[in-house]
Amino acid sequence: MGIIRALGAVFILLLGVLAAGQDATENRYLAAIGEDGVQRAEITGGSYYFYPDVVVVKVNVPVELTVKKAGGATPHNISLQAPEAGIDFSVALRKEPKSIRFTPTKVGKFPFWCTKRFLFFKSHKDHGMMGMLEVVD
Ligand SMILES: [Cu+2]
């Protein structure tokens, strides 16, 4: 039982490494800073992607992310847990846009992904439903 579970975990890890090795085209978006000093970006999630999948924001400037779902019946979310950088959210995606507000306090690259998974199938993250928030100086 324990060994089978461990092998399963290794296999899933390998799948993840293989998937990560594929050079997917990255869609990079530099958040625009509004007159109110808030930098804004929109992210749409679908099966199995985020668009854009790389969002660049400035450190110590408030961010408003507007997130929504592209459509379809498959549930998706967007999750980024980096409390050490002032970023910590997990939001279910709907067709109606939702706003996520935070102020990044640390420069770095912070991955976000969809945490959904159907039964024993590959997780949405392993399907490529992931992206990167780049916090720059
Ligand atoms: Cu998903």
Side-chain angles (χ1 to χ4, degrees):
M1 178 66 181
I3 288 172
I4 289 172
R5 281 181 71 106
L7 283 176
V10 167
F11 182 61
I12 286 164
L13 206 69
L14 279 175
L15 282 179
V17 168
L18 288 175
Q22 290 168 0
D23 197 15
T25 315
E26 112 180 356
N27 291 289
R28 202 181 174 83
Y29 181 78
L30 267 73
I33 302 184
E35 282 179 15
D36 56 359
V38 176
Q39 42 188 349
R40 292 185 172 81
E42 287 184 19
I43 300 177
T44 300
S47 298
Y48 297 93
Y49 66 89
F50 287 108
Y51 184 89
D53 61 350
V54 179
V55 173
V56 184
V57 297
K58 276 196 166 295
V59 70
N60 295 322
V61 177
V63 175
E64 185 181 76
L65 280 185
T66 302
V67 297
K68 66 178 195 310
K69 198 167 93 161
T74 308
H76 293 298
N77 62 28
I78 183 166
S79 179
L80 198 169
Q81 255 92 52
E84 74 281 5
I87 315 162
D88 191 354
F89 59 80
S90 190
V91 174
L93 298 180
R94 305 266 181 263
K95 275 191 162 177
E96 303 73 42
K98 285 185 190 173
S99 290
I100 302 168
R101 286 176 160 266
F102 58 90
T103 301
T105 55
K106 228 174 123 176
V107 167
K109 292 184 176 183
F110 303 98
F112 57 83
W113 59 82
C114 173
T115 64
K116 297 286 181 186
R117 162 185 227 137
F118 182 62
L119 300 177
F120 48 83
F121 293 103
K122 280 206 296 183
S123 68
H124 292 191
K125 183 187 179 193
D126 287 340
H127 273 295
M129 195 166 181
M130 56 193 299
M132 190 73 78
L133 185 77
E134 273 187 41
V135 181
V136 299
D137 220 349

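Owing to the predicted nature of the structure, the values given are computational and were not obtained by experimental measurement.
No continuous path of hydrophobic side-chain contacts links M132 to W113 [ILVMFWY only; heavy atoms under 4.5 Å]. Under the 4.5 Å side-chain heavy-atom criterion for grouping Ile, Leu, Val, Met, Phe, Trp and Tyr, I43 is not connected to V54 through any hydrophobic cluster. Connection of V59 to V56 is not established within any shared hydrophobic cluster, with ILVMFWY side chains joined at heavy-atom distances below 4.5 Å, either directly or through further cluster members. Cluster annotation: V57 and M130 are assigned to distinct hydrophobic clusters (Ile/Leu/Val/Met/Phe/Trp/Tyr, side-chain heavy-atom contacts under 4.5 Å, transitive).
From K122, atom NZ reaches atom CZ of R117 across 10.0 Å, with rounding to the nearest 0.5 Å. Interatomic distance, NZ of K58 versus CG of L30, reported as 9.0 Å (0.5 Å rounding). Distance OG1/T44 to CD1/I78: 9.5 Å, rounded to 0.5 Å.
Judged as a side chain to side chain contact (heavy atoms under 4.5 Å, CB included), and not counting sequence neighbours, the contacts of S90 are S79, Q81. Under the side chain to side chain contact (heavy atoms under 4.5 Å, CB included) criterion, Y48 pairs with H76, H124, H127, M129, sequence neighbours left out. A search for ring pair (Phe, Tyr, Trp, His ring centres under 6.0 Å) contacts involving F89 returns F102, not counting sequence neighbours. A search for ring pair (Phe, Tyr, Trp, His ring centres under 6.0 Å) contacts involving F120 returns nothing, not counting sequence neighbours.
When atom types are taken as modelled, the side chain of N27 and the backbone of D53 share no donor-acceptor pair closer than 3.5 angstrom.
When every heavy atom of P104 is checked against every heavy atom of V61, the shortest pair comes out as CD-O, 3.4 Å. Considering every non-hydrogen atom in both A70 and G46, the closest pair reads CB-CA, 4.2 Å. The minimum heavy-atom distance between K116 and N77, with the atom names listed, is CE-ND2, 3.8 Å. P52 and V55 get closest at one heavy-atom pair: CG-CG2, 3.9 Å. F110 and L80 make their closest contact through O-CD1, 3.8 Å (heavy atoms, listed as atom of the first residue, atom of the second, distance). The two residues K69 and G72 come nearest to each other via the heavy atoms NZ-O, 3.0 Å.
In this structure the side chain of L65 never reaches within 4.5 angstrom of the side chain of V91, judged on heavy atoms. At least one side-chain heavy atom of I87 sits under 4.5 Å from a side-chain heavy atom of V135.
Evaluation of the side chain to side chain donor-acceptor pair (under 3.5 Å) test over residues 29-39, restricted to residues two or more places apart or in two chains, returns D36-R40. Applying the side chain to side chain donor-acceptor pair (under 3.5 Å) test to pairs two or more places apart or on separate chains, those with a residue in residues 97-108 are E64-R101.
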Evaluate E26 against R28 for salt bridge (Lys or Arg N to Asp or Glu O under 4.0 Å), listing each step before the verdict. CA-CA 6 Å; E26 112 180 356; R28 202 181 174 83; 3.1 Å; yes

